[in-house]
Each structure stands twice: as structure tokens, then as C-alpha cells.
Amino acid sequence: MTDAIPKGKQTTLGLYLTAREAYERWKADPAGVMILDVRTVEELIFVGHPTMAWTIPVAAQGYEWDSVKKEFPMRLLSDFTARAKTVADPDDTILAMCRSGGRSAIAVNLLAQAGYKRVYNIVDGMEGDLVDDAQSVFAGQRLRNGWKNSGCPWTYKQTIDRMLLPENQ
């Protein structure tokens, strides 16, 4: 299956699920499976989040334009693993997600380095992959799959009791 996973979404553990598969896995064992959302607080506020997810951002949004990369780069948060350890043990089953599978792959790899063994990357994330049909009015938009587009439950309501944010951003 690794061949079908884009390089930027691959992890050292090699465990992958789609958003729909992740939701079904959580539904089958809500006490034994953690949905981990590693996106920024800004993303949760404006895009929404899975109703049952723990939010532990792996990176923070930067606000200085990188003219070479043509983007506002993100920076990894050095305390990500320490925050995750406060709510999850290395033998727990964790299903990690971000917008579309890239940052969650980073989070999976960081947790794997810390000894976690059952951390899956939700490869289509919250918003999904880009529509690649140039003829579609939705070309370039994240509407192909993902948590929101797969009928999985999500909300805009903030669940502060399941957020572990960095001390100093």
C-alpha cells in the first residue's frame, strides 16, 4: 500500500487509513482509539474538527512570507511529543490527521521516534485531496475525500477540554 501513498504522507510506521476508515475504526472502539488532530487552532476555528478528536498541534503557522517557497511557512512545535504523552501511551491506538495528510505524517514519525507503535496517518485528512480535473469548477479545491467530504461527524464548536496547546507560541 505504501506505493499508493504519496511520499509526503508516508511514515516510518507504514500505517495508513482514509478518513472514512478512521471514523469506522473509532466507532468500533471509541474507548480504545484516539483521533488526534494536529492542525493549528486557526484551522479548527475556520474549518471545523472531528467531534471526538483531541487537538495537539504539531506546528504553528508563521506570518513571514517566504518569497522563494511562495508561502507562509509553518514551524514545528518542539513540545508536541511531550504534550501527546500526557494523554496517550506508546501502546495506544492513535489515528492522526491534519488538513490533507502531510503534517499528520510528521506527527506520526515524531511519535514513532518516542516509542509509539500503533499510530496511523489519516492520509486524506480533514479537507481531503485536491480536485485535479481542470474542467471542474472545483479544480484545485480540497473536495475529493477527507473527513468533511466523507460524511464523518465534525463541528465548529471548540472542545477546549480536549486541546493541548503549546505553552508559548
Side-chain angles (χ1 to χ4, degrees), residues 6 8-9 11 16-27 30 33-67 69-88 92-111 116 119-131 136-169:
K9 297 181 182 187
T11 68
Y16 308 103
L17 294 169
T18 65
R20 185 47 133 164
E21 291 167 338
Y23 177 58
E24 294 301 326
R25 174 83 57 103
W26 176 85
K27 266 190 355 183
V33 174
M34 173 191 280
I35 304 286
L36 173 61
D37 192 333
V38 301
R39 295 175 302 142
T40 66
V41 172
E42 293 92 341
E43 289 173 288
L44 274 69
I45 292 169
F46 296 113
V47 179
H49 60 94
T51 55
M52 73 295 291
W54 275 87
T55 299
I56 307 175
V58 71
Q61 183 62 60
Y63 296 100
E64 286 191 35
W65 181 250
D66 183 326
S67 59
K69 293 182 178 179
K70 306 259 188 261
E71 66 180 25
F72 290 99
M74 300 190 96
R75 63 178 169 75
L76 288 181
L77 296 167
S78 60
D79 67 341
F80 167 74
T81 304
R83 285 180 285 127
K85 284 181 178 181
T86 66
V87 294
D92 290 348
T93 299
I94 302 170
L95 314 181
M97 73 180 317
C98 63
R99 180 190 66 188
S100 58
R103 276 174 290 159
S104 52
I106 293 168
V108 169
N109 289 338
L110 289 170
L111 291 171
Y116 288 74
V119 188
Y120 292 75
N121 187 16
I122 301 175
V123 294
D124 50 350
M126 183 68 177
E127 293 187 72
D129 294 317
L130 299 172
V131 172
S136 172
V137 296
F138 300 112
Q141 294 183 32
R142 296 189 177 281
L143 297 172
R144 279 193 26 220
N145 46 30
W147 196 273
K148 287 178 84 169
N149 302 317
S150 298
C152 302
W154 62 277
T155 184
Y156 288 113
K157 293 179 184 174
Q158 301 309 304
T159 51
I160 195 72
D161 60 320
R162 286 194 315 272
M163 287 184 178
L164 296 175
L165 306 177
E167 290 288 323
N168 298 311
Q169 276 205 52

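Along the sequence shown, residues are numbered consecutively beginning with 1.
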If you take all heavy atoms of [X] and [Y], which pair is closest and at what distance?
| X | Y | answer |
| --- | --- | --- |
| Tyr120 | Thr93 | CE1-CG2, 4.2 Å |
| Gly8 | Ala105 | O-CB, 3.8 Å |
| Cys98 | Gly102 | SG-N, 3.5 Å |
| Asn149 | Asn145 | ND2-O, 2.7 Å |
| Ala59 | Thr40 | O-CG2, 3.6 Å |
| Phe72 | Gly62 | CB-O, 3.5 Å |

Evaluate the side-chain proximity of [Y] to [X]: yes if any heavy-atom separation is below 4.5 Å, no if none is.
| X | Y | answer |
| --- | --- | --- |
| Thr55 | Arg39 | no |
| Leu95 | Val33 | yes |
| Asp37 | Trp54 | no |
| Arg99 | Asp124 | no |
| Thr18 | Ile122 | no |
| Arg103 | Met74 | yes |
| Val123 | Leu17 | no |
| Val47 | Met126 | yes |

Quick one: side chains of residues 81-88, donor-acceptor pairs under 3.5 Å with protein atoms, not counting sequence neighbours, listed by atom name and distance.
| residue | atom | partner | partner atom | Å |
| --- | --- | --- | --- | --- |
| Arg83 | NE | Asp79 | OD1 | 3.1 |
| Arg83 | NE | Asp79 | OD2 | 3.2 |
| Arg83 | NH1 | Pro57 | O | 3.3 |
| Arg83 | NH1 | Leu164 | O | 2.7 |
| Arg83 | NH2 | Pro57 | O | 2.8 |
| Arg83 | NH2 | Asp79 | OD1 | 3.1 |
| Thr86 | OG1 | Arg83 | O | 2.6 |

*Looking only at side chains, do Ser104 and Asn121 share a donor and an acceptor under 3.5 Å apart?*
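The criterion, which ignores hydrogens and geometry beyond distance, is satisfied for Asn121 and Ser104.
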Is the backbone N or O of [Y] less than 3.5 Å from a side-chain atom of [X], with the two atoms forming a donor-acceptor pair by type?
| X | Y | value |
| --- | --- | --- |
| Trp147 | Pro153 | yes |
| Tyr23 | Pro50 | no |
| Lys70 | Ser67 | yes |

*Residues two or more places apart in sequence or in another chain: which of them pass salt bridge (charged side-chain N to carboxylate O under 4.0 Å, His left out) with Lys9?*
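In terms of salt bridge (charged side-chain N to carboxylate O under 4.0 Å, His left out), with neighbours along the sequence ignored, Lys9 is linked to Asp129.
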If you measure from [atom1] on [X] to [atom2] on [Y], what distance do you get to the nearest 0.5 Å?
| X | Y | atom1 | atom2 | result |
| --- | --- | --- | --- | --- |
| Cys152 | Met52 | SG | CE | 8.0 Å |
| Leu111 | Ile106 | CG | CD1 | 12.0 Å |
| Trp26 | Met34 | CH2 | CE | 12.5 Å |
| Ile35 | Met97 | CD1 | CE | 7.5 Å |

*Hey, is Glu21 close enough to Arg25 for a salt bridge, meaning N to O under 4.0 Å?*
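No.
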_Assess whether a salt bridge exists between Arg75 and Glu64, defined as any Lys/Arg side-chain N lying under 4.0 Å from an Asp/Glu carboxylate O._
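Answer for the salt bridge query: no.
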*Can you list the steps and then say if Val58 with Leu77 is a side chain to side chain contact (heavy atoms under 4.5 Å, CB included)?*
CA-CA 6 Å; Val58 71; Leu77 296 167; over 6 Å; no
For residues 154-163, which side-chain N or O atoms pair as donor and acceptor with protein atoms under 3.5 Å away, sequence neighbours left out?
| residue | atom | partner | partner atom | Å |
| --- | --- | --- | --- | --- |
| Thr155 | OG1 | Lys157 | N | 3.0 |
| Gln158 | NE2 | Tyr156 | O | 2.7 |
| Arg162 | NE | Ala53 | O | 3.2 |
| Arg162 | NH2 | Thr51 | O | 2.3 |

